[in-house]
There are 2 protein chains.
Amino acid sequence: MGRPRTFDIDTAVDRAMELFWRQGFEATSTEDLVESLGIARGSLYKAFGSKEQLYALALRRYCQRHAAGLTEVLDRAEQVRPAIRAVLLELMEADLADPERGCLLVNAATERSAHPDTVLQVSRTMGQVESALAGALERARVRGEIAADKQPQELAQFLTTFLQGLRVMGKARADRAFLNNAVEVALGALD
Amino acid sequence: MGRPRTFDIDTAVDRAMELFWRQGFEATSTEDLVESLGIARGSLYKAFGSKEQLYALALRRYCQRHAAGLTEVLDRAEQVRPAIRAVLLELMEADLADPERGCLLVNAATERSAHPDTVLQVSRTMGQVESALAGALERARVRGEIAADKQPQELAQFLTTFLQGLRVMGKARADRAFLNNAVEVALGALD
DNA sequence: ACAGTTGTGGACTGATCAGTCTCCTACTTC
DNA sequence: GAAGTAGGAGACTGATCAGTCCACAACTGT
């Protein structure tokens, strides 16, 4: 069986995710990873193979949490509209609190658009975000919470797009009033 | 007076802009720049000082063109609403045609959010975009093209945010139908 | 034509890059 | 407790990084 691993893989991936999130792929060196993960280079390469593969793992985990979190909030919600507002405002607050981080999904989409694996992961996750929103909006439509002539999928595609813009403006240091106005106008699309 | 420069500074900045646009700051090496600009390292450093300064120049130029282009289109327009649609669709087409490039402004906002100079340049340009839109919308409101109870600034902040999202979704390889739906829903905010 | 000045090209620098190798340690199984 | 196995630590690799240096070229003013 051999010597057991003295570090936790999940914890290590979380720390790597934090670094890539904050600094991007290119600006994060393997030295940064070794320091922050608290393990030696040899162990890092034995466990994860390469910087690219560790990035892929970290991104996949972020995407899963991101999509799962959104789906859960929308599924739980009794009313869809306040739930969507809550989601947008929560992410807005995250950006205001820590603008250097932003959204790893957006960072990945922009920094690594020449890397097919990353692009695929990003676009799949965007699809999940869209689906979660479309599902919630469809339920809202059936319940009469939004007008019957609205197309849930079109609204979902709009909201998915708007959400990414919100994250970009958060990184660009737009202030709370600006972002709040943007969110309120966007929510007007549901009327 | 000394030996005259044998390359054109403006052309060199344009080529650097293209490289940074496509690859980002970190992934572009000085070797790439030397090759693409067709000048020697010594000349590059004598003319531009450092990779950072050349990036700053390239970004500033992009921002100026971006803001000026938008302002001009909106100022020329007889009707504001079709002009805004045209702007959004034009940028959408640019992303569909060349998704690896996207928008340098968005790329800069996400990749370099830890660099104050870049952040300042980006946020100033976002402000210009907002102003251009707000000005056009105010004129539209006065002319009765949009409802009198709409707030031009709020709409402008929304559209500015949405626009950045459109560029991100373009990079994430969303298809034309998706982006088109998003744009049409967004334009609904003007109703 | 000569002095002064500034751009050019490319060799060169030390630092850092991602990734490998090897010796050592710590565990399981029998 | 011995044999077998797998992780840990960190020195090491060649490549590449951003940036410097300097001998030389090409121009201006006198």
Side-chain angles (χ1 to χ4, degrees), chain A residues 1-60 104 107-108 111-112 114-118, chain B residues 1-60 104 107-108 111-112 114-118:
Chain A
M1 274 287 151
R3 181 174 174 173
R5 197 174 269 128
T6 56
F7 66 94
D8 182 60
I9 290 269
D10 283 345
T11 307
V13 173
D14 276 343
R15 293 206 179 148
M17 181 174 77
E18 182 68 25
L19 272 184
F20 286 130
W21 197 347
R22 211 167 273 287
Q23 308 182 340
F25 177 82
E26 293 288 346
T28 300
S29 68
T30 53
E31 188 55 36
D32 290 339
L33 291 165
V34 163
E35 260 181 57
S36 172
L37 273 57
I39 62 180
R41 300 178 81 74
S43 307
L44 190 153
Y45 276 88
K46 195 159 278 185
F48 301 113
S50 71
K51 185 186 167 187
E52 292 260 0
Q53 288 174 59
L54 178 51
Y55 179 82
L57 269 181
L59 177 60
R60 191 174 320 153
L104 177 53
N107 300 351
E111 184 184 7
R112 294 181 57 79
H115 297 78
D117 290 355
T118 303
Chain B
M1 274 289 153
R3 179 173 175 175
R5 194 173 272 129
T6 56
F7 66 95
D8 181 58
I9 290 268
D10 283 344
T11 307
V13 173
D14 276 343
R15 294 206 179 150
M17 180 173 79
E18 182 68 25
L19 272 184
F20 286 130
W21 196 348
R22 212 168 272 287
Q23 308 183 340
F25 177 82
E26 293 287 348
T28 301
S29 69
T30 53
E31 187 56 36
D32 291 339
L33 291 165
V34 163
E35 259 181 58
S36 172
L37 273 57
I39 62 179
R41 301 177 80 73
S43 308
L44 189 153
Y45 276 88
K46 192 157 277 184
F48 301 112
S50 70
K51 186 185 165 186
E52 292 259 1
Q53 287 174 59
L54 178 51
Y55 179 83
L57 270 180
L59 177 60
R60 192 175 317 153
L104 178 54
N107 300 351
E111 185 184 6
R112 294 182 55 80
H115 298 77
D117 290 355
T118 303

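Excluded from the calculations below are hydrogen atoms, water molecules and symmetry mates; all remaining heavy atoms, backbone and side chain alike, are included.
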If an axis is fit to five pairs at each end of the helix from C/dA1-D/dT30 to C/dC30-D/dG1, what is the angle between the two, to the nearest 10°?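 Here the helix ends are tilted 10° relative to one another.
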Listing time: all N or O pairs from protein to nucleotides 8-10 of chain D that are below 3.5 Å?
residue	atom	partner	partner atom	Å
D/dG8	OP1	A/Thr6	N	3.0
D/dG8	OP1	A/Thr6	OG1	2.8
D/dG8	OP2	A/Ser43	OG	3.1
D/dG8	O4'	A/Arg3	NH1	3.4
D/dG8	O4'	A/Arg3	NH2	3.4
D/dG10	O6	A/Gly42	N	3.4

Between the side chain of B/Asn107 and the main-chain N/O of B/Gly24, is any donor-acceptor distance below 3.5 Å?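 Side chain of B/Asn107 to backbone of B/Gly24, a donor-acceptor pair under 3.5 Å: no, none is there.
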Does the ring of A/Tyr55 carry A/Arg112 above it, NZ/CZ under 6.0 angstrom from centre and within 45° of its axis?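 Verdict for A/Tyr55: a cation-pi partner in A/Arg112.
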Return the CZ to CG distance between B/Arg15 and B/Leu54, rounded to the nearest 0.5 Å.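 These two atoms lie 13.0 Å from each other.
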Does any residue of residues 24-32 of chain A have a heavy atom under 4.0 Å from DNA chain C, and if so, which ones, in number order?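 Heavy-atom cutoff 4.0 Å gives A/Thr28, A/Ser29, A/Thr30.
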With sequence neighbours left out, what residues match [X] under salt bridge (Lys or Arg N to Asp or Glu O under 4.0 Å)?
X: A/Arg22; answer: A/Glu18, A/Asp98
X: A/Asp10; answer: A/Arg61
X: B/Arg5; answer: none

For A/Arg41, is the CZ atom crowded, meaning more than 12 foreign heavy atoms sit under 6.0 Å from it?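 Yes.
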Measure CD/A/Glu35 against P/C/dT16 and give the value in whole Å, please.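 These atoms are roughly 12 Å apart.
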For residues A/Leu37 and A/Ala16, report the shortest heavy-atom separation together with the two atoms involved.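 Of all heavy-atom pairs spanning A/Leu37 and A/Ala16, the closest is CD1-N, 3.8 Å.
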